[in-house]
Structure formats: C-alpha cells, structure tokens
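See below for the structure under consideration.
All values derive from a computational prediction rather than experimental measurement.
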Amino acid sequence: MQLPEEFINMLPLGERDALLQALAMEPEVSIRFNSKAADTRNLVLESLESRADGHVLWMDNAVYLDHRPQFTMDPLLHQGCYYVQEASSMFLAQALRKCVNGPVRALDLCAAPGGKSTLLAQVLPEGSLLVSNEIQRSRAQILAENMVKWGRPGTMVTCNSPKQIGGSSLLFDIIAVDAPCSGEGMFRKDEGAVRDWSIGNVEMCAARQREIIDDIWPALKPGGCLIYSTCTFNRQEDEDNVRWIMDKYGAEPVDLNPDPEWNILGSLTDDNLPVYHFMQHKTRGEGFFLCLLRKPAGAQISLKGRPFKADPKVPAECRTWLSGDYEYFIKGESIYALPSALADDMWQVGQELYALVPGIEVAVMKGRDWVPAHALAMSAALNRDAFINVEITRQQALAYLHCDAVRLEDAPRGIVLLTYKNIPLGFAKNIGNRANNMYPQEWRIRNSIS
C-alpha cells in the first residue's frame, strides 16, 4: 500500500515509523455480542468456526477473532446475535458511562451502517430512547435493517439532515456525531480512502464537520453531552475542531480517564486537551478519535408535541404478540408498537422527522389479514408463546435467508415462528408440502448457499 507523502509528513514524528509499520499489517477482526437473548457467545464462536483471540478491553461482551470468517453465511449474524464492529470505535461505551446515570434521550446523528447505534442500544439504560439517523436514504435502509435485527425496543431510525433535526423542537440529552471524515484511520482496511486522500479533502472534511455541529447544536439540551468522533488522525478534523466547539459554544471537554494499559494516546497537539487517539501500533483496532464535550448548563426547555393516542382499530390478537407494556398504532399497511413509557416522545419524533422505523413493526397487512412482521421476530420483546415455534437446521436457515421455500416436516399448517439454535429467525406460512417464506426480499443472502 502506497501512502500519500503529504499524509506521512503530517504524522507526529514520535509515532510515525511505528504507525507506518502497523498500517502494513492485516487489520484486526472483532465482534460484539448481543445480550437480547441468552448468552450466545459460545454458539456464535462455534457457528463461525472461530476462537476468541482476546477481549476488547474497553467494551464488555466483545472479542477479537483469530481470523475473518464468512459472516454472511452465518445465520446467527442475521438473527442479530452479534455485530461485526471495529474494536476502537467501541470506545464510545466509555464516553456513555461517563455521562449517563439513568434513562436518556439519545441521538446518533451519522449512524449508518449501525455499529455505534447497536452499541448505544446495548449500553444505554433501560427506559432510554435512541434515535438513529442517517441522511442518505440508501444508507439509512442498511441502518434500519441492522437496527431491526438488533431488536432493542425504544429505538427509531430516521432519515433527516442535521439542519432539519436542529431546526425541530426535539431535544436530546446525548448526541453522538461520528463525523464524515478523510478516513486516515481506515487506510489498511479501505484502499479507496487512500486513493481519495488529499490535503484539500482534509480541509473540506474539517469544514463539513463544523457545519454539522453548527446545525445540530440547538438539538442538544443545556447540560447535555456531545460525543464527537472521527476515524482519522489529523489535527484539523480532530483537535482543531474540538477547540473550535469549545471556543464557539463554550463546551467543556470531559476527561474519560481510560486505563493506561489500554495504550490510548491523548492529544497529539495539546497535552491539556482530554481527547483520545487510537493508533494501530498502540491499540488492537483501527484509527479512531473521540472527545466527550458537555454543553453549558442553562434553562431547561421542554417542548412537547401532541401526546400519543393509541389506535383502537389494532386487533386484540396483535397486542398479544409482544411481552410488556406497549401502545399500538397503524401507519399505512403496518402496525407499530411503542413502549408505553416512551410513547409520547417517540410519537413526537415521528411527527417531526421522517421515520423509516417509527417503533417495533408488529404486523403487516396481507390481503385482508394482519400477519406478523419480520421485525417482530427480531425484537427482544417478542412473545414466543403466541406462535408455534419450529426449530430448523443450519441448511434450512440459510435457505430461508436466501428467500427459498422451506420444507417443514410434521409442522402444523399456518404461520409459524422459525428458530435456529432456539433463537428466532423469522416467520413462515406452512401450507403442507412447503412453507412460504416471509423473510424480507431486500435482505436476502445473495451468495450461493449450495
């Protein structure tokens, strides 16, 4: 890999040689387990035919793998049992733990494809609301798929610009901005980032990052926290932009006090600035930068929209498909459910923003009947006792994920919940000689499964 000379000259002298050597090595492979079901760690490692090659020190329930498996061909990935996430970016969990003491309203502004959002959903206290946003529609669809598979209640997916959100009446306790950047930290994983790099692109990214902060700052509550991160090394996009946020908005950076054994570097330009650099020669992961900033306290503003009103037309049977206290509404040809304690807040978000996922999709209209939606099977709130559960083999699971018809021996006719390793996979309608596949066509595995 031939790195741009200007990039090499920008690297700090004390780290340059060791970092360049590390950039020539193979990247680490890491995954984070989802605790929405029972402990699946051993199931996942067995399914991947992998072994854990150490724990991610700054994130619970995450490990490195000894090699990169063919993740797409593992049903457990599609069941939301784990997420393949770069280890350094999991440091987000440490920022959350520093600023969260109870349920909060959180926004992941630049959320696709979903690594940080699934982490937020995993770490935020129960009763929290998470809005995962992505401005590009195609990427927002990928984000929606990953968030649905992760299956946590109290989450939404929106497709809006920072200016639209900042100009709304919505206010968040936490806003995570993983800003679009020049991608220097991903050079050994993404040759495209190397080809696209230039001093001009760095300057353009730094300006765009400041524009994003300007647009979204009004949506952060007084006293709330901004988590600013990039996957790059240079000071323009990192330290300089943190200083700019401090100077313009009076934000106060928060010291995270990471364990010295984690080998996370501090500021490369200012020893008094509590920021955190992950570099490949120091930590097991790719390049990453993070700073936690607190907005100055001020008068607490509470702008409430119209309260949520449940839809009485939702069939009683559909209300039995979730476990817990939920409110239901019909939108288009779908029935959605909102946790009762969050219903007003989630409804307000759905009224002010374009919500691709406004809640848990419980049912969809097929002909004249309401049938269970795939998102219901993925939800941690699914009431499995409401359906006939049919356990299938790995090959049957792959055929199902390929959107093929599946033969079910000795299963009753009608809609059944398919499980693999006793974990929900999705719904099918058994008609006797075969089962009609209800897996979303747009999510299907496109690889050959033979």
Not counting sequence neighbours, list each pair that qualifies as a salt bridge (Lys or Arg N to Asp or Glu O under 4.0 Å) and has a residue in residues 182-203.
R188-E286
Between W443 and H374, is the ring centroid distance below 6.0 Å?
yes
Heavy atoms only: give me the nearest A106-L124 pair and the separation to one decimal.
CB-CD1, 3.9 Å
Do L292 and K98 have side-chain heavy atoms sitting under 4.5 Å apart?
yes
D238 versus T230, side-chain donor and acceptor atoms under 3.5 Å:
yes
Does Y420 have its ring centroid less than 6.0 Å away from the ring centroid of Y400?
no
Using the side chain to side chain contact (heavy atoms under 4.5 Å, CB included) definition, which of the options I31, L76, D66 pairs with L48?
I31
So does S35 get a backbone contact from the side chain of Q122, meaning a donor-acceptor N/O pair under 3.5 Å?
no
Is a side-chain donor or acceptor of T40 paired with a backbone partner of L43 at a separation under 3.5 angstrom?
no
Give the minimum heavy-atom separation between S132 and A111, together with the two atoms involved.
CB-CB, 4.0 Å
R284 and E28: salt bridge (charged side-chain N to carboxylate O under 4.0 Å, His left out), yes or no, with the steps?
CA-CA 7 Å; R284 294 188 66 182; E28 298 279 357; 3.0 Å; yes
Please answer whether the main-chain N or O of Q85 pairs with a side-chain N or O of S30 as donor and acceptor at a distance below 3.5 Å.
yes
Hey, do the aromatic rings of W58 and F278 have their centres closer than 6.0 Å?
yes
Under 6.0 Å between ring centres: does that hold for F288 and F91?
no
Check step by step if ring-ring contact (aromatic ring centres under 6.0 Å, His included) holds for F7 and F187.
CA-CA 11 Å; F7 163 72; F187 274 2; 4.9 Å; yes
Please confirm whether the backbone N or O of A375 pairs with a side-chain atom of S379, one donor and one acceptor, at under 3.5 Å?
no
Kindly check if the number of other-residue, nucleotide or ligand heavy atoms within 6.0 Å of CD (E333) is above 12?
no
Sole residue of K295, R105, R294, K221 in salt bridge (charged side-chain N to carboxylate O under 4.0 Å, His left out) with D173:
K221
Give me the atom names and distance for the closest heavy-atom approach of M246 to A251.
CG-O, 3.4 Å
Ignoring hydrogens and geometry, is there a side-chain-to-backbone donor-acceptor pair from N146 to P113 under 3.5 Å?
yes
Where the side chain of S168 meets the backbone of I165, is there a donor-acceptor pair that is under 3.5 Å apart?
yes
NZ or CZ of K282 within 45° of W262 ring axis and under 6.0 Å:
no
Check whether any side-chain N or O of N160 sits under 3.5 Å from a backbone N or O of L353 as a donor-acceptor pair, and report yes or no.
no
Show the numbers, then the answer: is there a salt bridge (charged side-chain N to carboxylate O under 4.0 Å, His left out) between K163 and D214?
CA-CA 8 Å; K163 184 178 286 292; D214 271 336; over 6 Å; no
Answer yes or no: is there a donor N or O on one side and an acceptor on the other, between the side chain of Y336 and the main chain of P358, under 3.5 Å?
no
Using a 3.5 Å distance criterion without hydrogens, assess whether the side chain of D344 forms a donor-acceptor pair with backbone atoms of F308.
yes
Main chain of G114, side chain of T118: is a donor-acceptor contact present, judged purely on distance under 3.5 Å?
yes
Residue pairs meeting salt bridge (Lys or Arg N to Asp or Glu O under 4.0 Å), one or both in residues 13-26, sequence neighbours left out, come to none
Can you tell me how the ring of F289 sits relative to the ring of H277, calling it parallel under 30°, perpendicular over 60° and tilted otherwise?
tilted
Closest approach of A93 and L119, non-hydrogen atoms and distance?
N-CD2, 3.9 Å
Identify which one of N241, L268, T269, V242 satisfies the side chain to side chain contact (heavy atoms under 4.5 Å, CB included) criterion when paired with R235.
T269
Please lay out, stage by stage, how R97 and D60 fare under the test salt bridge (charged side-chain N to carboxylate O under 4.0 Å, His left out).
CA-CA 12 Å; R97 292 182 177 123; D60 297 333; 3.4 Å; yes
Heavy atoms of M279 and P12 approach each other most closely as CE-CG, 4.5 Å
Heavy atoms only: give me the nearest N437-A399 pair and the separation to one decimal.
ND2-O, 4.1 Å
Sequence neighbours excluded - salt bridge (Lys or Arg N to Asp or Glu O under 4.0 Å) pairs with any residue from residues 109-128:
K116-D178
If we ignore angles and hydrogens, is there a donor and acceptor under 3.5 Å between the side chains of T158 and N133?
yes
Heavy-atom side-chain contact between F33 and V63 under 4.5 Å
yes
